[in-house]
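Reviewing the structure listed below.
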Amino acid sequence: MSRVYNFGAGPATMPLEVLEEARENLVDFHGEGLSIMEASHRSKMYDEVHTQALSLIRELYEVPDDYDILLLQGGASTQFAMVPMNLSLGGKAEYADTGSWSSKAIKEAKIQNLDLSIVASSKESGYDRIPSEINFSDDADFAYITSNNTIYGTQYKTFPTTKAPLVIDASSDIFSYPLDWSKVGIIFAGAQKNAGPSGVTVVIVKKELQDRVKESVPTMLRYKTHAEKNSLYNTPPTFGIYMLSLMMKWIKNRGGIEAIAKLNEQKASILYDVIDNSNGFYRGHAQKDSRSLMNVSFNIKDKDADLEAKLVELATKNAMIGLKGHRSIGGLRASIYNAMSKEGVQALADLMKDFAAKNA
Ligand SMILES: *Cc1c(COP(=O)(O)O)cnc(C)c1O
């Protein structure tokens with residue numbers, strides 16, 4: 001068997017141990033004689049998986065008791081609509097625009113005719129940074145940020161302190177560092193980047209925010225519905241939740257989120273060091289103080305598209321895939337989520353150094 005290093009932005013790489021454990025249990029789950037995929041979501045066998053996923057998230061992410069952890073479907077993109085549907089009280093909704101995903105969330109919220117304002121944006125500078133001053137109003141219904149900007153490779157180092165409930169799209173950096181819960185109203189993420197396969201969305205919602213929802217909001221789109229039924233109101237994405245539970249177990253075995261966070265810092269600095277020491281051959285897209293530890297987006301000098309394509313091709317030949325940058329900024333992007341090993345990052349760094357030496 002030969003596995004590639006997958007630097008794709010999402011769905012993204014998963015640890016081999018996790019895939020192997022799933023394979024071992026795929027057709028006969030722990031001797032039950034059937035696959036977890038075939039099991040009723042009301043069965044004892046599935047219930048154990050569901051409970052374990054939720055309890056490992058609570059334990060490892062240190063989720064306080066006044067928050068519910070929901071396992072939903074529809075991806076992070078459905079949250080763009082659910083957030084305003086559930087949180088709007090008819091007052092102001094305030095957003096920070098730090099890239100394509102924030103813009104999509106804003107577009108979706110506008111459909112609901114909110115009194116919406118964009119309080120900070122880095123659009124003018126090509127989304128190369130997190131705005132240094134973000135001032136949300138104390139009396140806003142909610143304040144909205146995207147913690148890690150997957151395409152542009154920027155990330156908040158600290159969250160703004162707000163009186164209004166802070167909503168965080170953490171699709172590309174959930175479970176990658178310990179959270180300061182005192183700042184969080186809602187945090188959500190599609191699982192497919194940092195937490196498992198596509199099809200599951202993790203939403204962690206403060207209980208007190210769930211009663212705001214209006215009568216006109218459909219049952220399936222209310223946080224309260226899912227919170228009251230422990231994410232078993234309807235059939236949850238059972239197999240995805242199983243994979244999520246294995247991912248959480250993997251994090252636990254590696255020493256928890258704090259240990260993972262340290263490793264993430266080391267991994268990112270390996271790549272940023274190559275960029276910074278390349279005499280301008282490589283240019284990081286993000287300003288240094290906004291650099292993402294999850295997505296390293298960069299160009300080759302003069303945005304030389306031929307050289308960039310050549311590097312992507314060379315990497316592919318060396319079993320490193322998924323490095324082509326998003327079409328909106330071109331260049332390259334190395335996504336180095338929790339599951340990407342330090343060895344993988346080092347292999348890419350070595351290739352980049354060698355390529356720069358030969359093509360500078
Ligand atoms: C990938 C991504 C999304 C979209 O997630 P879906 O699950 O595909 O809807 C939203 N926000 C961010 C920050 C992302 O990286």
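Of the inter-residue distances, the one linking T162 atom OG1 with I134 atom CD1 reads 11.0 Å to the nearest 0.5 angstrom. To the nearest 0.5 Å, atom OG of residue S100 and atom NZ of residue K107 are 12.0 Å apart. How far CG of N338 is from CE of M247: 6.5 Å, rounded to the nearest 0.5 Å. Distance CD/E32 to CD/E48: 7.5 Å, rounded to 0.5 Å.
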task: Report the C-alpha distance between S102 and T146 in whole Å, list the side-chain angles of each, state the deciding distance to 0.1 Å, and finish with yes or no for side chain to side chain donor-acceptor pair (under 3.5 Å).
output: CA-CA 6 Å; S102 320; T146 309; 2.8 Å; yes

task: May I have the step-by-step check of salt bridge (Lys or Arg N to Asp or Glu O under 4.0 Å) for D276 and R291, ending in yes or no?
output: CA-CA 12 Å; D276 293 340; R291 281 174 163 176; 2.8 Å; yes

task: Starting from the C-alpha separation in whole Å, work towards a yes-or-no answer on side chain to side chain contact (heavy atoms under 4.5 Å, CB included) for V49 and T238.
output: CA-CA 9 Å; V49 168; T238 54; over 6 Å; no

query: Where do N148 and S172 land on the side chain to side chain donor-acceptor pair (under 3.5 Å) test, with the steps shown first?
result: CA-CA 6 Å; N148 184 73; S172 47; 2.8 Å; yes

query: Does the pair L271 and L348 meet the rule for a side chain to side chain contact (heavy atoms under 4.5 Å, CB included), with working shown?
result: CA-CA 8 Å; L271 290 183; L348 176 61; 4.1 Å; yes

message: Assess the residue pair S103 and Y127 against the criterion (side chain to side chain contact (heavy atoms under 4.5 Å, CB included)); give the C-alpha distance rounded to whole Å, side-chain angles, the decisive distance to 0.1 Å, and a yes or no.
response: CA-CA 11 Å; S103 305; Y127 293 123; 3.4 Å; yes

message: Applying side chain to side chain contact (heavy atoms under 4.5 Å, CB included) to L263 and R254, what does each step give before you reach the verdict?
response: CA-CA 10 Å; L263 201 61; R254 310 206 87 202; 3.7 Å; yes

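Salt bridge present: D354 and K358 bring a charged side-chain N and a carboxylate O closer than 4.0 Å. Using a 4.0 Å cut-off between charged side-chain N and carboxylate O, E59 and K252 make a salt bridge. A salt bridge links K224 with D211: at least one charged nitrogen is closer than 4.0 Å to a carboxylate oxygen. A salt bridge links E21 to K249: at least one charged side-chain nitrogen sits closer than 4.0 Å to a carboxylate oxygen. Looking at E108 and K104, no side-chain N of the basic residue comes within less than 4.0 Å of a carboxylate O on the acidic one, giving no salt bridge.
More than 12 heavy atoms of other residues, nucleotides or ligands lie within 6.0 Å of CZ in R42, so this atom counts as buried by the packing criterion. Other residues, nucleotides and ligands contribute more than 12 heavy atoms inside 6.0 Å of the CG atom of D180. Shown here is K288, whose NZ atom has no more than 12 heavy atoms of other residues, nucleotides or ligands within 6.0 Å. Within 6.0 Å of the NZ atom in K214, the count of heavy atoms belonging to other residues, nucleotides or ligands exceeds 12.
For the pair K193 and W101, the cation sits on the ring face: its NZ or CZ lies under 6.0 Å from the ring centre, inside 45° of the axis.
Q79 places none of its side-chain heavy atoms less than 4.5 Å from the side chain of D169. For the pair K183/T161, a side-chain contact is recorded, criterion being any heavy-atom separation below 4.5 Å from C-beta on. Between L332 and F7 the shortest side-chain heavy-atom distance does not fall below 4.5 Å. In this structure the side chain of L323 never reaches within 4.5 angstrom of the side chain of Y5, judged on heavy atoms. For the pair Y282 and V274, the minimum side-chain heavy-atom distance is below 4.5 Å. Side-chain contact between Y144 and E94 is absent, with no heavy-atom pair separated by less than 4.5 Å. With a 4.5 Å cut-off on side-chain heavy atoms, I204 and I186 do not count as touching. Within the 4.5 Å cutoff, no side-chain heavy atoms of K310 are placed close to those of D304.
Scanning both residues, N234 and H41, for their nearest heavy atoms gives O-CD2, 4.0 Å. G190 and S171 make their closest contact through N-OG, 3.4 Å (heavy atoms, listed as atom of the first residue, atom of the second, distance). When all heavy atoms of G8 and S335 are compared, the closest pair comes out as O-CB, 3.4 Å. Summarising the geometry of I300 relative to E308, their closest heavy-atom pair is N-OE2, 2.9 Å, with the distance given to 0.1 Å. Nearest heavy atom pair, residue S328 against residue I151, reads OG-CG2, 3.5 Å. The two residues M82 and M220 come nearest to each other via the heavy atoms CE-O, 4.3 Å.
In this structure, E38 contributes its side chain and S35 its backbone to a donor-acceptor pair below 3.5 Å. Judged by distance alone, with hydrogens and angles left aside, the side-chain atoms of R129 form no donor-acceptor pair with the main-chain N or O of S290 at under 3.5 Å. Of the possible polar contacts, none joining the S88 side chain to the M85 backbone as a donor-acceptor pair under 3.5 Å is found. A donor-acceptor pair is defined here as one N or O able to donate and one able to accept, closer than 3.5 Å; no such pair exists between the side chain of S122 and the backbone of S125. Of the possible polar contacts, none joining the N135 side chain to the A120 backbone as a donor-acceptor pair under 3.5 Å is found. When atom types are taken as modelled, the side chain of K267 and the backbone of S341 share no donor-acceptor pair closer than 3.5 angstrom.
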Could you give the side-chain donor-acceptor pairs of residues 60-74 under 3.5 Å, partners two or more places apart or in another chain?
{"unit_1": "Y61", "atom_1": "OH", "unit_2": "F175", "atom_2": "N", "d": "3.4"}
{"unit_1": "Y67", "atom_1": "OH", "unit_2": "W181", "atom_2": "O", "d": "3.0"}
{"unit_1": "Y67", "atom_1": "OH", "unit_2": "V184", "atom_2": "O", "d": "2.5"}
{"unit_1": "D68", "atom_1": "OD1", "unit_2": "K207", "atom_2": "NZ", "d": "2.8"}
{"unit_1": "D68", "atom_1": "OD2", "unit_2": "Q210", "atom_2": "NE2", "d": "2.9"}
{"unit_1": "Q73", "atom_1": "NE2", "unit_2": "T235", "atom_2": "O", "d": "3.1"}

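Placement of L16 and M320 in two distinct hydrophobic clusters is found when ILVMFWY residues are connected by side-chain heavy-atom separations under 4.5 Å, directly or transitively. If you chain together hydrophobic residues whose side chains sit under 4.5 Å apart, L314 and V4 never meet in one group. The same ILVMFWY cluster, assembled from side-chain heavy atoms under 4.5 Å apart, contains both L311 and I275. I168 and V205 fall into different hydrophobic clusters, where Ile, Leu, Val, Met, Phe, Trp and Tyr are joined by side-chain heavy atoms under 4.5 Å apart, directly or via other members. No single ILVMFWY cluster, assembled from side-chain heavy atoms under 4.5 Å apart, contains both L293 and V296.
Taking the six-membered ring for Trp and the full ring otherwise, the centers of Y95 and F136 sit at least 6.0 Å from each other.
Defined by atom type and a distance below 3.5 Å, a donor-acceptor pair is missing between the side-chain atoms of T154 and S292. For the residue pair Q155/N149, the side-chain donor-acceptor check at 3.5 Å is not satisfied. If you check the side chains of T51 and S55, you find no donor sitting under 3.5 Å from an acceptor. Counted by atom type alone, K353 and N277 present zero donor-acceptor pairs between their side chains at under 3.5 Å.
Summarising the hydrophobic clusters (Ile, Leu, Val, Met, Phe, Trp, Tyr; side-chain heavy atoms under 4.5 Å, direct or chained), the residues clustered with V27 are none.
Each of D139, D138, D141 was scored for a salt bridge (Lys or Arg N to Asp or Glu O under 4.0 Å) with K92, with one residue passing: D139. With Y337 as the fixed residue, the side-chain hydrogen bond (donor to acceptor under 3.5 Å, both in side chains) test singles out one of N295, N6, D173: N295.
Ring geometry for H285 against Y152 counts as tilted: the plane angle lies between 30° and 60°, on a 0 to 90° scale.
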